[in-house]
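Scroll down for the structure; my scribbles are underneath it.
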Amino acid sequence: MFMNHEKFNKAELRRTLLKTRQSMSVVEWRQKSDRISANLQNSVLFHQANTILCFFSFRQEPDLSLLFTNSDKRWGFPRCIGKSLAWHFWQPDDAINTGAYGIPEPHPEAPRIDIEEIDLILVPCVGCDVQGYRLGYGGGYYDRLLSSPAWAKKPTMGVVFDFAHLPQLPVDSWDKPLQTVITENG
Ligand SMILES: Nc1nc2c(c(=O)[nH]1)N(C=O)[C@@H](CNc1ccc(C(=O)N[C@@H](CCC(=O)O)C(=O)O)cc1)CN2
Ligand SMILES: Nc1ncnc2c1ncn2[C@@H]1O[C@H](COP(=O)(O)OP(=O)(O)OP(=O)(O)O)[C@@H](O)[C@H]1O
């Protein structure tokens with residue numbers, strides 16, 4: 001039987017990386033998340049950005065919520081609609097719903113974001129390599145989003161803990177590298 005070794009590798013790596021991430025203590029997760037937030041705040045891309053797309057931490061992803069109170073920025077978060085993502089403005093006092101996969105998301109009626117407004121996309125990663133190739137949960141949401149020409153021009157930054165910042169990941173034909181990667185170490 002034909003076997004896609006690439007896919008097999010991705011699935012196995014995903015499992016291993018998720019297990020390692022979930023095994024972090026809450027204290028370690030908090031400290032590393034806060035160091036990522038600090039590094040982000042010191043980055044040129046962050047400084048230059050007005051509207052930033054981000055994510056609500058899920059399955060012990062880096063939690064950047066310290067930054068969301070920065071009212072100099074406008075923050076956008078995704079809702080999963082079928083196979084695509086819809087982006088809405090959100091600020092700290094706004095409602096948070098539970099969406100597909102149990103991921104927190106903005107209210108469906110929260111104002112939508114126009115693509116022209118977006119200055120920076122912070123991309124959640126299960127793993128990321130030094131070239132910027134990304135491993136996600138396997139839904140292909142960001143692959144599809146970033147494959148359209150208007151989105152492909154936007155600055156992207158993968159957000160990942162250092163243990164999951166790897167020398168190399170398996171790459172599929174549709175994978176496009178992220179422009180930069182940020183970890184607790186820089
Ligand atoms: N915080 C956060 N929000 C996000 C993402 C993310 O990575 N992080 N996404 C980034 O895309 C989207 C959600 N993508 C997801 C895709 C798949 C699964 C999931 O649970 N998949 C199944 C297996 C699927 C398969 O392998 O076919 C699973 O893991 O059990 C969860 C979220 C949108 N919102
Ligand atoms: N540009 C694209 N157009 C259509 N389908 C795509 C595209 N990119 C990816 N896909 C589909 O999405 C599926 C998942 O891709 P992949 O395993 O790379 O997801 P991922 O990056 O890990 O997931 P996610 O972005 O949800 O975190 C692939 O099997 C592929 O069929």
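In listed order, ligands and their atoms are each counted from 1.
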If every non-hydrogen atom of Met24 is compared with every non-hydrogen atom of Gln60, which pair is closest and at what distance?
O-NE2, 3.0 Å
If you measure from atom 26 (O) of ligand 2 to every heavy atom of Gly140, Cys80, Gly136, which option wins on shortest distance?
Gly140
Is there a polar contact, in the sense of an N or O pair closer than 3.5 Å, between Arg59 and ligand 1?
yes
Cationic tip of Arg144 within the cone over Tyr141's six-membered ring, i.e. under 6.0 Å and within 45° of the normal?
yes
Less than 4.0 Å between a side-chain N and a carboxylate O, is that true for Arg35 and Asp162?
no
Check each atom of ligand 2 against the heavy atoms of Tyr137 and keep those under 4.0 Å away; list them by number with element.
22 (O), 23 (O), 24 (P), 27 (O)
Numbered atoms and elements of ligand 2 in range of Lys10, under 4.0 angstrom, heavy atoms:
18 (O)
At the 4.0 Å heavy-atom cut-off, does Asp175 count as touching ligand 2?
yes
Exam field: side chain Asn42 to backbone Asn39, donor-acceptor pair closer than 3.5 Å:
no
What atoms in ligand 2 come closer than 4.0 Å to a heavy atom of Ser147?
1 (N)
Whether Trp87 and Trp151 hold their rings parallel, tilted or perpendicular, with breakpoints at 30° and 60°
tilted
Only one of Arg112, Lys154, Arg74 clears salt bridge (charged side-chain N to carboxylate O under 4.0 Å, His left out) with Glu117; which?
Arg74
Within-cutoff protein neighbour (heavy atom, under 4.0 Å) for atom 16 (C) of ligand 1
yes
Any N or O of Tyr141 closer than 3.5 Å to N or O of ligand 1:
no
Determine yes or no for a side-chain-to-main-chain donor-acceptor pair under 3.5 angstrom, with Asp129 supplying the side chain and Leu169 the backbone.
yes
Could an N or O of ligand 2 be found under 3.5 Å from any N or O of Leu135, whether backbone or side chain?
no
Just checking, any donor-acceptor pair under 3.5 angstrom between side chains of Asp63 and Ser65?
yes
At a 4.0 Å threshold, what atoms of ligand 2 neighbour a non-hydrogen atom of Arg134?
21 (O), 24 (P), 25 (O), 27 (O)
For ligand 2, which is the ligand I care about here, please tell me if Arg14 has any N or O atom under 3.5 Å from one of the ligand's N or O atoms.
yes
May I ask which of Asp143, Val123, Val126 has a heavy atom nearer to atom 16 (P) of ligand 2 than the others do?
Asp143
Is the shortest N/O to N/O distance between Cys80 and ligand 1 below 3.5 Å?
no
